[in-house]
Asks: 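The structure is given below, and queries will be raised subsequently.
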Amino acid sequence: MATTFARIAGAAALLGLGALAGWGYGQWQARQAPTVDGTAAPQATASAGERKVLYWYDPMVPTQRFDKPGKSPFMDMQLVPRYADEGEAQASAPGALTVSTQAKQALGLRLVRVEKRALGAAVEAVGTVQLNERDIAIVQARTAGFVERVFDRAPGDVITAGAPLAELLNPEWLGAQQEFLAVKAAGDAALAQAAKQRLVLLGMPAALVERVDATGQPLALQTITAPIGGVISELMVRQGMAVAPGMTLARINGLGTVWLEVALPEAMAAAIRPGQPVQARFLALPGEIVYGKVAAVLAEANREARTLRLRVELPNPGQKLKAGLFAQVSLRGAAHEALVVPAEAVIRTGRRALVYVSEQPGRYRPVPVEIGEQVDEWIVVRSGLAAGQQVVASGQFLIDSEASLQGVMARATAPAATAYHTTGVITQIEAGSITLDHAPVPELKWPAMSMPFLLADPALARGLKPGQTVSFSFDKQGDNYRVTAIAPQVEPADPHAGHAPAAAASGASR
């Protein structure tokens, strides 16, 4: 009998343990039950003082959610949690994005300060060497004559100053010289001085006149020489030809300095001023830098290339620079103060440019900006930011991806919806919607009628019940109308309430 009782007691104990284990397993399964979207639900409760975790995710693949922490299957990094209070903060500030500390570390976010800097726009361009059109000498015949001899010259030859070009026979000069010498021999000093002055007026060089005076012999041939050193660009004299007064015999281009014509992007035109220093590098002069200055920004632009012509003047000692050589040109525009951020902080979408501003730790707001020129690693911000603000300079593309998924940009840039206000009576409350028998809405030309509204937040219906008279505000979201605020309407107090007892008391006193 005792043995049978012990067996029964043991079986009961085993049954009790089995029931307890089954209850525990059922509770564990309930916590691990899959959600509607197929992912396992995370722990829904949190002890006092702890932040509630909604799910874990990989910042590189934010659309994939996980029910527990661990290593990401996509990247070599740990999953980071998404907290419930981050969602609440996001809802309260629809134009901003909240990033947890773990996600910030995983993304490698780096903040920089918006600041004002003195910038000089750096320009890299190419140019072509040209002859200096300001350094030109034209050789002309001063009187009629004949070409007796042409020296061994040709266009393109480089000559020095004073080099002979041709010899001319000038009959008119020959006669004037003989007359001067005859008057001088007569001993009349006044007439001799007048005759000598006539030689000068006929166009004879002073050196030629002095030579005739000194030797006492007329010079029938005049040697035409180069007034400057340079390259002969034109030579229009040939032996035996007749020349007339004012006829051009040769054209000589000086080589002491040359021009460099540079194709300048039109966006940089305002930053360039005459006199700015320039550095030029030539393939023909490896390892050598030629320093010059901006001579002029020419008035006519290239219509096809949309560039301006920049004229740079370069020294040419030793005549190393030849017309037609190509050069790599470096110059820096005039310094000016501007508001700048690192170029890497700006996200260009094609239609606009934006940066992410850090308003407080963990909170980032997309801000459209108007940008200007880029100078080295800095880019000018013309509008949208203020000095001292902090912007994201590294990892902003991942933040932008997360913001796009959460619709932050759409909410930040969407125009504010028009709010309408009226009163009504609640006829039905459902999950996420409420049906109201409302008063007319003149702004929409609505008569009094009964219709359902969406709830912007299901918590708005908390404490309400059918039959209540309420005041509410709503707006339009797409094709739906959404209640954004609702509250029970306070009944006006009865103006006569409380007077009767007072009157009775007054009558009793009488």
Asks: Quick one: does Trp173's side chain get under 4.5 Å of Leu168's, heavy atoms only?
Replies: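 Of all side-chain heavy-atom pairs linking Leu168 with Trp173, none is under 4.5 Å.
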Asks: With Leu181, which residues qualify under side-chain contact (heavy atoms from CB on, under 4.5 Å), at least two apart?
Replies: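 For Leu181, the residues satisfying side-chain contact (heavy atoms from CB on, under 4.5 Å) (neighbours in sequence not counted) are Val212, Pro218.
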Asks: Name each donor-acceptor pair under 3.5 Å that joins a side chain in residues 308-329 to protein atoms two or more places apart or in another chain, with its distance.
Replies:
| from | atom 1 | to | atom 2 | distance (Å) |
| --- | --- | --- | --- | --- |
| Arg309 | NE | Glu261 | OE2 | 3.1 |
| Arg309 | NH2 | Glu261 | OE1 | 3.2 |
| Asn316 | OD1 | Lys320 | N | 3.0 |
| Asn316 | OD1 | Leu321 | N | 2.9 |
| Asn316 | ND2 | Leu255 | O | 3.1 |
| Asn316 | ND2 | Leu321 | O | 3.4 |
| Lys322 | NZ | Gln319 | O | 2.7 |

Asks: Applying ring-ring contact (aromatic ring centres under 6.0 Å, His included), can you list everything that pairs with Phe282, at least two apart in sequence or on another chain?
Replies: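 For Phe282, no residue satisfies ring-ring contact (aromatic ring centres under 6.0 Å, His included) once neighbours in sequence are set aside.
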Asks: How many angstroms lie between atom OG of Ser233 and atom CD1 of Ile138, to the nearest 0.5 angstrom?
Replies: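 Between Ser233 OG and Ile138 CD1, I get 7.0 Å after rounding to 0.5 Å.
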Asks: Assess, by modelled atom type and distance only, whether the side chains of Asp475 and Thr484 contain a donor and an acceptor separated by less than 3.5 Å.
Replies: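 The answer is no; no qualifying pair exists.
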Asks: Can you give me the closest heavy-atom contact between Ala137 and Pro227, atom names plus distance?
Replies: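 That closest heavy-atom pairing would be CB-CG, 3.6 Å.
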Asks: Evaluate the side-chain proximity of Val112 to Val341: yes if any heavy-atom separation is below 4.5 Å, no if none is.
Replies: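 The answer is no; the side chains never approach within 4.5 Å.
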Asks: When rounded to the nearest 0.5 angstrom, what is the spacing between CD in Gln140 and OG1 in Thr248?
Replies: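 Here the interatomic distance stands at 4.5 Å.
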Asks: If only atom types and distance count, is the side chain of Gln177 paired as donor or acceptor with the main-chain N or O of Leu219 below 3.5 Å?
Replies: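 Yes; at least one donor-acceptor contact below 3.5 Å.
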Asks: Compare every heavy atom of Val367 with every heavy atom of Gly384, then report the nearest pair and how far apart it is.
Replies: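 Minimum heavy-atom separation between Gly384 and Val367: O-CG1, 3.4 Å.
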Asks: Give the table of side-chain donor-acceptor pairs shorter than 3.5 Å for residues 148-155, with sequence neighbours excluded, one pair per line with atom names and distance.
Replies:
| from | atom 1 | to | atom 2 | distance (Å) |
| --- | --- | --- | --- | --- |
| Arg153 | NE | Pro164 | O | 3.0 |
| Arg153 | NH2 | Pro164 | O | 3.4 |

Asks: Indicate the atoms forming the closest heavy-atom contact of Gln130 with Val258, along with that distance.
Replies: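 Result for this residue pair: O-CB, 3.5 Å.
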Asks: Using the rule given for side-chain contact (heavy atoms from CB on, under 4.5 Å), can you reason through Arg238 versus Val147, listing the C-alpha separation, both sets of side-chain angles and the distance that settles it, and then say yes or no?
Replies: CA-CA 7 Å; Arg238 294 296 181 265; Val147 179; over 6 Å; no
Asks: Any chance you could lay out the side-chain contact (heavy atoms from CB on, under 4.5 Å) test for Tyr291 and Gln279, step after step, and finish with the verdict?
Replies: CA-CA 5 Å; Tyr291 296 90; Gln279 298 180 11; 3.7 Å; yes
Asks: Identify, with sequence neighbours excluded, every residue that meets side-chain contact (heavy atoms from CB on, under 4.5 Å) alongside Ala176.
Replies: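 side-chain contact (heavy atoms from CB on, under 4.5 Å) check on Ala176 returns Arg198, Leu199, Leu202, Met204.
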Asks: For the backbone of Val231 and the side chain of Asp157, can you confirm whether one donor and one acceptor N or O come within less than 3.5 Å of each other?
Replies: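 A pair under 3.5 Å: no.
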Asks: Which pair of non-hydrogen atoms, one from Gly372 and one from Ile379, has the smallest distance, and what is that distance?
Replies: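 Heavy atoms only, the tightest pair is O-CG1, 4.0 Å.
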Asks: Any side-chain heavy atom of Ser473 sitting closer than 4.5 Å to one from Tyr420?
Replies: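 A side-chain contact under 4.5 Å is absent here.
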Asks: Any non-hydrogen side-chain atom of Pro342 less than 4.5 Å from a side-chain atom of Glu377?
Replies: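 Heavy-atom side-chain distance check fails, nothing below 4.5 Å.
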Asks: Apply side-chain contact (heavy atoms from CB on, under 4.5 Å) to the pair Val237 and Leu165, showing each step before the final yes or no.
Replies: CA-CA 9 Å; Val237 59; Leu165 299 175; 5.8 Å; no
Asks: Please check if the side chain of Lys196 supplies one atom and the backbone of Val209 the other of a donor-acceptor pair under 3.5 Å.
Replies: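 Flag not set: sc Lys196 to bb Val209 has no pair under 3.5 Å.
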Asks: Side-chain contact, heavy-atom cut-off 4.5 Å: Val355 with Val381?
Replies: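 Counting from C-beta outward, Val355 and Val381 never come under 4.5 Å.
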Asks: Write down the atom of Ala226, the atom of Ile252, and the distance for their closest heavy-atom approach.
Replies: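 That would be CB-CD1, 3.5 Å.
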Asks: Output the distance between atom CH2 (Trp378) and atom CG (Leu339), rounded to the nearest 0.5 Å.
Replies: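 Separation between the atoms: 10.5 Å.
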Asks: Would you compute the distance between atom CG of Leu249 and atom CD1 of Ile224 and round it to the nearest 0.5 angstrom?
Replies: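 Between Leu249 CG and Ile224 CD1, I get 6.0 Å after rounding to 0.5 Å.
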Asks: With a 4.5 Å heavy-atom cut-off, do Leu79 and Pro69 have their side chains touching?
Replies: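 No, every pair of side-chain atoms sits at 4.5 Å or beyond.
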Asks: If I take atom CG from residue Leu354 and atom CD1 from residue Ile371, how far apart are they, to the nearest 0.5 angstrom?
Replies: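 These two atoms lie 10.0 Å from each other.
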Asks: How long is the span from the CD atom in Glu172 to the OG1 atom in Thr143, to the nearest 0.5 Å?
Replies: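 Rounded to the nearest 0.5 Å, the CD-OG1 separation comes out at 4.0 Å.
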Asks: Determine, step by step, whether Arg134 and Thr257 satisfy the side-chain contact (heavy atoms from CB on, under 4.5 Å) criterion, reporting the C-alpha distance in whole Å, the side-chain angles of both residues, the deciding distance to 0.1 Å, and the verdict.
Replies: CA-CA 10 Å; Arg134 292 195 182 99; Thr257 59; over 6 Å; no
Asks: Side chains of Lys476 and Tyr481: does their closest heavy-atom pair fall under 4.5 Å?
Replies: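 Yes. Closest side-chain heavy atoms under 4.5 Å.
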Asks: For Asp188, which residues count as a salt bridge (Lys or Arg N to Asp or Glu O under 4.0 Å) partner, sequence neighbours excluded?
Replies: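 Not a single residue meets the salt bridge (Lys or Arg N to Asp or Glu O under 4.0 Å) criterion with Asp188.
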Asks: Evaluate the side-chain proximity of Ser330 to Glu124: yes if any heavy-atom separation is below 4.5 Å, no if none is.
Replies: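 The answer is yes, as the side chains (C-beta and beyond) meet within the 4.5 Å cut-off.
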Asks: Taking atom CG of Leu283 as the centre, does the number of heavy atoms from other residues, nucleotides or ligands within less than 6.0 Å exceed 12?
Replies: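 No, because the 6.0 Å sphere around CG of Leu283 holds 12 heavy atoms or fewer from other groups.
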Asks: Give me the atom names and distance for the closest heavy-atom approach of Pro171 to Gly145.
Replies: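 Closest approach of Pro171 to Gly145, heavy atoms only: CD-CA, 4.2 Å.
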